[in-house]
Amino acid sequence: MVNREKIEEGVRLLLEGIGEDTGREGLLETPQRIARMYEELFAGMDQDAAEPLSRQFEVRDGGIVLEKDITFYSVCEHHMLPFFGKAHVAYLPDGHVAGLSKLARTVEVYARRLQLQERLTAQVADALMENLHPKGVMVLLEAEHMCMAMRGIKKPGSRTVTVAARGAFERDAALQENFYRMLDR
């Protein structure tokens, strides 16, 4: 749970640390604005990914279910700068499916935490395996990291791609290839 008072105090100290006057007009309400923003950005800290995946529907036979181009925003735990991009989430049902919006909600739960893209990718895949019990899962995230674009190496537009495969997707190269073909459509 976000502690607004601590965030406000921390923002004031940060502003002082960079040489700003915390009493100047443009900064008077900045600590409160940042605290509200962090409450939104890190809302996933208090959420359980099992909740959106708990509502399921029975299916007799099903091929790959793919929800692609799920926009996400997260914050890198190393520099506390944003990274954002698209998530592509696929699973092979074994008798049950979740509503399509539930896949996006699962991505959102994990993205709204201090994160590493590699961990986020694995967490989404593992949540689907644990809650939907599918035959397999494959998750691909592609994102631009502001720590690469704004500072350090300063390479805006570069994208990082991470992949997690579980179950049948992990073992079956043809299934993986089908996933990649579906992304190109």
Side-chain angles (χ1 to χ4, degrees), residues 1-22 26-27 29-53 67-91 102-131 137-166 169-170 176 179-180 183:
M1 178 157 198
V2 170
N3 183 323
R4 282 190 183 188
E5 289 177 13
K6 283 190 177 264
I7 294 170
E8 290 173 21
E9 178 184 331
V11 170
R12 281 195 268 308
L13 288 171
L14 177 66
L15 290 169
E16 289 171 3
I18 64 171
E20 271 291 356
D21 173 9
T22 58
L27 296 177
E29 295 180 26
T30 296
Q32 293 83 6
R33 281 192 294 271
I34 298 289
R36 287 191 306 272
M37 177 186 70
Y38 277 7
E39 194 168 43
E40 180 180 342
L41 292 181
F42 301 117
M45 298 292 295
D46 298 326
Q47 296 175 340
D48 182 358
E51 190 276 321
L53 295 171
E67 185 71 17
K68 64 182 188 176
D69 296 325
I70 301 167
T71 301
F72 73 90
Y73 299 90
S74 194
V75 177
C76 170
E77 67 183 34
H78 291 153
H79 300 99
M80 291 188 69
L81 286 172
F83 67 96
F84 56 92
K86 302 284 185 184
H88 314 287
V89 179
Y91 68 100
K102 306 312 182 202
L103 302 179
R105 288 183 196 279
T106 302
V107 170
E108 187 80 0
V109 165
Y110 289 115
R112 294 296 182 168
R113 301 175 180 187
L114 280 176
Q115 245 337 335
L116 296 175
Q117 182 175 332
E118 298 87 343
R119 182 188 311 126
L120 173 57
T121 308
Q123 286 173 327
V124 171
D126 292 341
L128 267 65
M129 287 299 288
E130 291 167 16
N131 293 285
V137 170
M138 192 142 172
V139 177
L140 183 145
L141 267 60
E142 47 188 323
E144 183 171 357
H145 292 249
M146 290 297 95
C147 57
M148 290 265 302
M150 299 175 58
R151 55 157 309 281
I153 196 157
K154 296 181 184 86
K155 297 296 178 200
S158 64
R159 294 181 307 157
T160 300
V161 178
T162 51
V163 178
R166 304 288 188 266
F169 280 98
E170 195 170 24
Q176 287 183 19
F179 169 81
Y180 290 119
L183 289 183

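These numbers were taken from a predicted model, which means no experiment stands behind them.
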Self-check item: R33, CZ: over 12 other non-hydrogen atoms inside 6.0 angstrom
Solution: yes
Exercise. Can you measure from CD (E40) to OH (Y73) and round to the nearest 0.5 angstrom?
Key: 11.5 Å
Practice problem: Grab the two heavy atoms, one from V11 and one from P31, that are nearest each other, plus how far apart they are. | Solution: CG1-CA, 3.8 Å
Quiz item: Within a strict 4.5 Å, meaning less than it, do heavy atoms of the L116 and H78 side chains meet?
Solution: yes
Quiz item: Any side-chain heavy-atom pair from L140 and V163 closer than 4.5 angstrom?
Solution: yes
Quiz prompt | side-chain contact (heavy atoms from CB on, under 4.5 Å) between K86 and L141, intermediate numbers included | solution = CA-CA 6 Å; K86 302 284 185 184; L141 267 60; over 6 Å; no
Quiz prompt | Heavy-atom pair of closest approach, residues L120 and V107 | solution = CD1-O, 4.1 Å
Practice problem: Would you give the length of the straight line joining atom CZ of R113 to atom CZ of F42, rounded to the nearest 0.5 angstrom? | Solution: 12.0 Å
Quiz item: Closest approach of A122 and R166, non-hydrogen atoms and distance?
Solution: CB-NH2, 3.6 Å
Practice problem: Give the C-alpha distance, both sets of side-chain angles, the deciding distance and a yes or no for side-chain contact (heavy atoms from CB on, under 4.5 Å) between R112 and L41. | Solution: CA-CA 5 Å; R112 294 296 182 168; L41 292 181; 3.3 Å; yes
Quiz prompt | Ionic contact status for R4 with E8, cut-off 4.0 Å | solution = no
Quiz prompt | Interatomic distance, C147 atom SG to K155 atom NZ [nearest 0.5 angstrom] | solution = 14.5 Å
Quiz item: Say you draw a straight line from CZ of F84 to CD of E144; how long is it, rounded to the nearest 0.5 Å?
Solution: 4.5 Å
Quiz item: Do the side chain of Q176 and the main chain of F169 share a donor and acceptor less than 3.5 angstrom apart?
Solution: yes
Exercise. Please check if atom CE in M37 has more than 12 non-hydrogen atoms from other residues, nucleotides or ligands closer than 6.0 Å.
Key: yes
Practice problem: Compare all side-chain heavy atoms of V137 with those of V124 and state whether any distance is below 4.5 angstrom. | Solution: no
Exercise. Count the heavy atoms of every other residue, nucleotide or ligand shown that sit under 6.0 Å from CD of E16, and state whether that count exceeds 12.
Key: yes
Quiz item: Which class fits the ring pair H145 and F83: parallel under 30°, tilted 30 to 60°, perpendicular over 60°?
Solution: parallel
Quiz prompt | Inter-residue atom distance L81.CG - R151.CZ, 0.5 Å rounding | solution = 7.5 Å
Quiz item: Do T160 and Q117 have side-chain N/O donor and acceptor atoms under 3.5 Å apart?
Solution: no
Self-check item: Closest contact, heavy atoms only, S74 versus A111
Solution: OG-O, 2.6 Å
Quiz item: To the nearest 0.5 Å, what is the distance between CZ (R119) and OG1 (T162)?
Solution: 12.0 Å
Quiz item: How far apart are the closest heavy atoms of A35 and V2, and which atoms are they?
Solution: O-CG1, 4.4 Å
Quiz item: Is the count of non-hydrogen atoms from other residues, nucleotides or ligands lying under 6.0 Å from R12 atom CZ greater than 12?
Solution: yes
